[in-house]
Each structure stands twice: as C-alpha cells, then as structure tokens.
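Everything below concerns the one structure shown next.
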Amino acid sequence: DGVENLEEYFTGHPEAVMQCAELIKVIDVNKAACAMHSTPDKNNIQQHFLKLFTPQTMNTFLHGLLLLWKGETEHSGDTVIKTLSGELRNIHFSLKVCPSYEKTLTRILITMVDTTERTQMEEELHVRDNRFRIAQEIGHVGNWEYNLQTEKFWGSDEAKHIFGFNVEDETFTIEEVESCIPERERVHQALIDLIKEGKEYNLEFDLHPKDNSEPKIISSIADLMQDE
C-alpha cells in the first residue's frame with residue numbers, strides 16, 4: 001500500500017522481489033521442461049522452483065513484474081537459469097497472462113527454449129571473428145566482397161581502415177571504392193573482366209584513402225565465387 005513507483009520500491013527493497021518470487025505456484029510442467037531442468041519428476045520443479053533462479057533470472061523476474069504492473073500481458077526475452085543439478089543454461093522465454101486472468105494475474109503461461117548451444121556457438125563465432133580482425137590489423141590485410149545483385153561492396157574493418165572509410169558503415173558503392181583509386185579505369189576493367197570472362201585479377205595500384213591519410217600502394221587479388 002502507498003507505493004507509487006514500483007521500480008523505485010523494488011530497487012530499494014530487493015527482499016520484496018524475493019517475496020514475490022516465493023508466491024509463485026508452479027501448476028504443471030511438461031516433459032521437455034523436466035529434461036531442461038535435469039529432473040525426470042515435475043514435482044521436483046514444483047517444490048524447488050526458486051532453486052532454478054540465478055541473479056540473471058531474478059533481474060528478468062523483476063523486469064517482468066514491472067511490465068505486468070504497467071498492464072502488459074505478454075513478454076519475452078533471454079535469461080540464464082540453473083538446473084536442479086546445478087548446471088547453468090541459457091534460455092529464451094515467453095510469458096503470457098492466460099485469458100480471463102488479466103486483472104488478477106493469478107495464472108500465467110511460460111514457455112522456455114534452451115538456447116545454450118546456440119549462445120555458445122555465437123560466442124565462439126564472436127571470438128573467431130575478433131581473432132580474424134586482429135590478424136588483419138597486424139598484417140594490414142583487408143578483404144572486400146562485391147555483391148553482383150546489390151552492386152555493393154562489403155569490407156572487413158581493416159579493408160575500411162586501409163581505404164579511409166568509416167568502420168561503422170556496412171556497404172559501399174563502386175563509386176565510393178573506386179574514387180580512392182587514381183587508376184580507377186584500369187582497376188574497374190579488371191573487375192569487369194573477372195566477372196564476365198573469369199580473367200585473373202591480380203593488381204597493384206596506388207590508393208588515396210578517403211580520410212586523406214597517407215597514400216598507399218595496394219596489392220589486390222580477387223576470385224569469382226558463385227552460389228551453388
């Protein structure tokens with residue numbers, strides 16, 4: 001009673017968030033959820049539900065409470081739970097207030113998808129991409145991809161750095177790339193010959209970066225790749 005700003009109240013009274021969590025009654029659990037939480041018996045989840053909570057789970061729970069307080073009846077997101085065996089799992093969840101319970105909020109359907117493997121793969125890919133970027137920086141080697149359908153260039157961070165482009169920009173037109181090359185007609189013709197006739201593309205040319213940094217001499221090699 002008397003709480004006007006629930007977010008400020010919960011921030012100042014974290015024990016109140018736990019008290020709300022303790023009021024949760026798990027009505028039913030399917031077999032997939034049991035497997036996700038490392039137990040064959042749904043009663044274990046019903047009886048020990050709070051043991052699944054991690055600090056991330058508690059933050060997610062708080063965010064959900066605030067959305068319900070604001071009148072939202074559906075919400076989804078990502079968080080981390082702890083199985084009954086103590087293993088941390090990444091999940092994507094969705095919750096929806098069941099029809100006819102919008103005022104009381106006494107029945108909410110929650111679905112969860114285990115995203116642990118996908119999250120790990122994304123993290124590993126990020127690490128590999130970062131290593132590749134560092135290797136390019138050390139070797140001053142960049143790579144470009146030219147899309148024949150969009151007629152746009154995509155460049156790695158080091159390629160953009162070499163050409164003096166903004167690394168935040170995603171794609172570039174032929175005009176933007178070739179405007180940095182004094183011998184643009186020769187370079188452009190070599191690109192056309194590669195695309196139309198499959199001729200070898202192995203050039204060396206001067207480059208005047210867009211950001212007016214020091215001119216460079218570039219060695220450029222290209223291959224034609226086609227979708228299968």
*Determine, stepwise, if the pair Asn147 / Glu151 fulfils side-chain hydrogen bond (donor to acceptor under 3.5 Å, both in side chains).*
CA-CA 5 Å; Asn147 189 311; Glu151 297 185 340; over 6 Å; no
*Does the pair Arg89 and Glu87 meet the rule for a salt bridge (Lys or Arg N to Asp or Glu O under 4.0 Å), with working shown?*
CA-CA 6 Å; Arg89 307 294 292 177; Glu87 182 182 6; 2.9 Å; yes
*Apply salt bridge (Lys or Arg N to Asp or Glu O under 4.0 Å) to the pair Glu170 and Lys160, showing each step before the final yes or no.*
CA-CA 10 Å; Glu170 291 292 329; Lys160 292 181 227 182; 5.5 Å; no
*Above 12 or not: heavy atoms from other molecules or residues under 6.0 Å from CD of Glu15?*
yes
*asked:* More than 12 heavy atoms of other residues, nucleotides or ligands under 6.0 Å from CG of Asp223: yes or no?
replied: no
*Would you mind listing every ring-ring contact (aromatic ring centres under 6.0 Å, His included) that reaches into residues 30-49, with sequence neighbours excluded?*
Phe49-Phe53
*Checking Ser156 side chain against Asn143 main chain: does a donor-acceptor pair fall under 3.5 Å?*
yes
*Is there a donor-acceptor pair closer than 3.5 Å between any side-chain N or O of Thr54 and the backbone N or O of Val80?*
yes
*Taking all heavy atoms of Leu203 and all of Ala190, pick out the closest pair and write down the distance.*
CD1-CB, 3.6 Å
*Does the salt bridge (Lys or Arg N to Asp or Glu O under 4.0 Å) test come out yes or no for Lys216 and Asp206, once each step is laid out?*
CA-CA 6 Å; Lys216 304 174 177 68; Asp206 292 335; over 6 Å; no
*Distance in Å, Glu74 CD paired with Leu67 CG, rounded so as to fall on 0.5 Å steps*: 11.5 Å
*From CA spacing to verdict: salt bridge (Lys or Arg N to Asp or Glu O under 4.0 Å), Lys70, Glu72*: CA-CA 6 Å; Lys70 294 177 181 178; Glu72 299 287 341; over 6 Å; no
*Are His63 and His75 near enough that their ring centres are under 6.0 Å apart?*
yes
*For the residue pair Phe172 and Trp154, is the inter-centroid distance of their aromatic rings smaller than 6.0 Å?*
no
*Parallel under 30°, tilted from 30 to 60°, perpendicular over 60°: which one fits the rings of Phe153 and Tyr146?*
tilted
